S.K.: 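This is the structure I have questions about; it appears just below.
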Number of protein chains: 2
Amino acid sequence: MARERTRDDARGSAAPARRASDRGKYGRLSRERVLTAALELVDREGLSALSMRRLGAELGVEAMALYRYAEGKDALLDGLVEALYLELEERLSAGEPADDGWREGLHRVARATYDVCLAHPQAVPLLATRMLAVPLARRPLAVLKDHERVLGLLRRSGLDEAGTAAAFRAFTAWLLGYVEVELRPVVDNPDEPDPAFRLGLHRMPAQDLPTLRETAPALAEPGGPEGLSAGLDVLLDRFTGPDRPAPPRR
Amino acid sequence: MARERTRDDARGSAAPARRASDRGKYGRLSRERVLTAALELVDREGLSALSMRRLGAELGVEAMALYRYAEGKDALLDGLVEALYLELEERLSAGEPADDGWREGLHRVARATYDVCLAHPQAVPLLATRMLAVPLARRPLAVLKDHERVLGLLRRSGLDEAGTAAAFRAFTAWLLGYVEVELRPVVDNPDEPDPAFRLGLHRMPAQDLPTLRETAPALAEPGGPEGLSAGLDVLLDRFTGPDRPAPPRR
DNA sequence: AACCGTAAATTTACGGCGTATAGATACACT
DNA sequence: AGTGTATCTATACGCCGTAAATTTACGGTT
């Protein structure tokens with residue numbers, strides 16, 4: 001009994017040869033081609049559309065062929081994170097300003113990361129999930145290089161190891177959190193003309209949530225890069241200032 | 001031909017009755033019981049262990065029975081988020097200090113959120129993924145109530161709607177980012193006595209990543225609640241101060 | 001040009017997943 | 001005791017990740 005075929009039968013069974021050469025547009029597979037296609041697919045249809053079979057089809061290849069370039073699905077997702085950081089590195093080295101101060105450097109990194117994330121919103125959840133799943137030393141090399149860059153900039157501010165670590169955590173937390181909050185959808189029904197309905201305010205109990213309802217329109221406005229750098233500045237002041245350990249509250 | 005059974009056959013086929021009464025420990029299902037069991041399962045075995053079938057088994061029930069209490073898997077995950085925020089609400093109302101200032105209130109909320117997240121580290125990725133998938137108005141009620149509380153506290157600082165929204169984003173970004181960074185694993189092999197191997201430093205190219213390697217031990221130390229509230233303080237200063245719009249950088 | 005060894009991709013199969021649909025069962029109320 | 005409704009089970013379908021075995025393609029040697 002014949003199993004259902006897709007690629008071959010569709011072309012007719014009389015065609016004799018050249019079975020594998022109509023694969024992807026450019027000959028053989030490669031890790032880069034796999035990751036690029038994966039990121040494109042995620043950008044286009046979201047994370048849930050990314051499966052080994054689907055990605056294989058996208059590349060004109062069976063699912064198992066991908067296992068030569070990523071050990072499994074999880075490794076593929078880590079590869080996507082890597083791809084994001086490679087894109088970040090690209091943007092950062094493009095038009096690199098000879099050498100400004102450490103503070104400007106950190107703002108540049110933050111802004112570039114922000115831009116990359118907004119360019120691939122569907123992939124951003126990976127930054128949360130995979131980074132929580134993979135210990136520091138096992139993160140993709142591009143990620144570690146980014147860490148190295150940020151840590152180097154922070155050290156140039158005169159911090160010791162402990163202070164650098166604390167400032168690094170603050171930098172990373174703010175950047176990551178800001179991007180995630182920026183990408184949270186607040187509009188419920190974009191096609192609705194009435195602003196209140198567009199926000200879906202009718203779903204919120206009016207008596208329990210008065211402030212939320214009145215603030216919702218303002219929450220629909222994005223924070224933008226200005227908000228990012230404003231918060232970053234005060235955090236850097238705080239975590240690279242002279243009074244290193246936090247004065248205990250209360 | 002007999003299909004493979006699990007529950008019934010295990011008890012022997014002679015047992016006459018009471019088939020459904022040995023379900024969960026306490027009679028029938030309920031949304032709360034479902035969500036509690038789901039959260040327990042996630043805490044115990046991680047998010048990837050949570051499936052409809054598995055959760056059903058945990059409750060002594062078939063998978064489809066769960067669909068009466070959650071519309072589907074996604075709704076179940078949203079329910080988990082809800083459960084986290086319900087636990088937050090519990091902690092916040094326990095021993096509520098009559099009425100301190102808005103700033104103390106925000107610190108209390110931040111600290112309680114931090115505690116809840118550290119108590120359920122395996123569930124934290126949901127805060128990133130589900131919040132990016134669900135528009136504001138469709139978030140679980142407990143989440144919206146939390147928003148309401150924070151927004152109310154911020155308004156009490158004298159901000160207008162736009163300022164409140166900006167400060168809310170900053171608060172949320174910092175809190176969420178801080179928790180996620182705090183939960184990122186940096187130790188690679190906990191059983192290793194040698195600190196360098198424990199961190200997995202041997203996996204990092206020494207020449208490309210000198211600063212990372214020297215900072216790694218310090219990165220292994222958690223930031224703790226002190227770091228959270230230190231950053232929160234300066235952010236609140238910045239986003240509720242008199243100079244409302246961020247002075248443009250450069 | 002024929003051959004061969006290795007690399008690359010396919011085939012097949014297995015168990016688990018989410019869930020639509022339909023049927024069985026339990027329970028509250030008269 | 002009987003009945004209507006709420007609750008749970010049974011079954012099936014298509015998709016998923018991936019282990020193992022197999023086939024195909026290709027570069028280097030003769």
Side-chain angles (χ1 to χ4, degrees), chain A residues 1-11 15-24 26-34 37-38 41-42 45-80 133, chain B residues 1-11 16-24 26-34 37-38 41 45-80 133:
Chain A
M1 76 189 160
R3 183 180 129 283
E4 181 193 4
R5 303 236 170 173
T6 39
R7 280 182 20 249
D8 290 353
D9 290 358
R11 206 189 309 107
R18 286 182 40 80
R19 299 259 303 284
S21 56
D22 56 344
R23 213 182 289 114
Y26 300 93
R28 302 257 291 288
L29 241 40
S30 75
R31 179 165 168 89
E32 195 191 353
R33 243 160 67 66
V34 168
L41 178 56
V42 168
E45 305 190 30
L47 266 176
S48 61
L50 178 65
S51 73
M52 304 300 275
R53 291 174 150 94
R54 179 74 201 281
L55 178 56
E58 210 80 11
L59 288 159
V61 136
E62 298 301 315
M64 292 310 294
L66 303 172
Y67 280 77
R68 201 158 297 267
Y69 308 95
E71 301 234 356
K73 179 83 184 281
D74 283 350
L76 179 66
L77 297 177
D78 291 336
L80 276 184
Chain B
M1 74 189 164
R3 182 180 131 283
E4 182 193 3
R5 303 237 169 174
T6 39
R7 278 177 25 244
D8 291 359
D9 288 353
R11 205 188 311 109
R18 287 182 40 83
R19 297 259 304 282
S21 56
D22 55 343
R23 217 183 285 115
Y26 300 93
R28 303 255 292 287
L29 241 38
S30 75
R31 177 164 168 88
E32 193 191 355
R33 245 161 66 68
V34 168
L41 178 56
E45 305 190 31
L47 266 177
S48 60
L50 178 65
S51 73
M52 303 300 274
R53 291 172 150 94
R54 179 73 201 282
L55 178 56
E58 210 81 9
L59 288 159
V61 135
E62 299 301 315
M64 292 310 294
L66 303 172
Y67 279 77
R68 200 156 300 265
Y69 307 95
E71 301 235 355
K73 179 83 184 281
D74 283 350
L76 178 67
L77 296 177
D78 291 336
L80 277 184

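Each chain gets a letter, A, B and so on, in the order the sequences are listed, and its residues count up from 1. Being a predicted model, the structure only gives us computed values, none of them experimental. Values reported hereafter were calculated over all heavy atoms of this structure, with side chains retained and with hydrogens, waters and symmetry mates removed.
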S.K.: Counting only side-chain nitrogens and oxygens, does Tyr67(B) get under 4.0 Å of the OP1 or OP2 atom of dA20(C)?
M.R.: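 False: Tyr67(B) side-chain N/O out of range (4.0 Å or more) of dA20(C) OP1/OP2.
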
S.K.: Calculate the interatomic distance between Leu59(A) atom CG and dT10(C) atom P; express it in whole Å.
M.R.: 10 Å

S.K.: Can you measure Asp74(A) atom CG to dC16(D) atom C1' for me and round it to whole angstrom units?
M.R.: 13 Å

S.K.: Could you walk me through whether Leu76(A) and Leu66(A) pass side-chain contact (heavy atoms from CB on, under 4.5 Å), step by step?
M.R.: CA-CA 9 Å; Leu76(A) 179 66; Leu66(A) 303 172; 5.7 Å; no

S.K.: Say you draw a straight line from CZ of Arg68(B) to CZ of Arg31(B); how long is it, rounded to the nearest 0.5 Å?
M.R.: 14.5 Å

S.K.: Please give, in whole Å, the distance from dA20(C) P to Arg68(B) CZ?
M.R.: 13 Å

S.K.: Roughly how many Å is it from CD in Glu71(A) to P in dG17(D), rounded to a whole number?
M.R.: 16 Å

S.K.: Rounded to whole Å, how long is the line connecting atom CZ of Arg28(A) with atom C1' of dC26(D)?
M.R.: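 About 7 Å, once rounded to whole Å.
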
S.K.: side-chain contact (heavy atoms from CB on, under 4.5 Å) between Leu41(A) and Arg54(A): does it pass, once the steps are laid out?
M.R.: CA-CA 9 Å; Leu41(A) 178 56; Arg54(A) 179 74 201 281; 3.9 Å; yes

S.K.: Given dC17(C), dC26(D), dT18(D), identify the nucleotide with an atom nearest to the side chain of Ala63(A).
M.R.: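 Out of dC17(C), dC26(D), dT18(D), the nucleotide with an atom closest to Ala63(A)'s side chain is dT18(D).
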
S.K.: Using whole Å, report how far CE of Met52(B) lies from C1' of dC15(D).
M.R.: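 Value for this atom pair: 17 Å.
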
S.K.: On DNA chain D, does the nearest nucleotide to Arg54(A) precede the nearest nucleotide to Met64(A) from the 5' side, or the other way round? Give the residue.
M.R.: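 Looking at the nearest nucleotide for each, Arg54(A) comes out on the 5' side.
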
S.K.: Could you check which of dA8(C), dC16(D), dT11(C) has an atom nearest any side-chain atom of Glu62(A)?
M.R.: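 That would be dT11(C).
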
S.K.: In whole angstrom, what separates Leu55(A)'s CG from dT18(D)'s P?
M.R.: 13 Å

S.K.: Working to the nearest 0.5 angstrom, can you tell me the gap between Leu55(B) CG and Tyr69(B) OH?
M.R.: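 OH of Tyr69(B) is found 12.5 Å from CG of Leu55(B).
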
S.K.: How long is the line joining NZ of Lys73(B) and C1' of dA20(C), in whole Å?
M.R.: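 Distance, rounded to whole Å: 18 Å.
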
S.K.: Starting the side chain at C-beta, find the nucleotide from dT19(C), dA10(D), dA9(C) nearest to Val61(A).
M.R.: dA9(C)

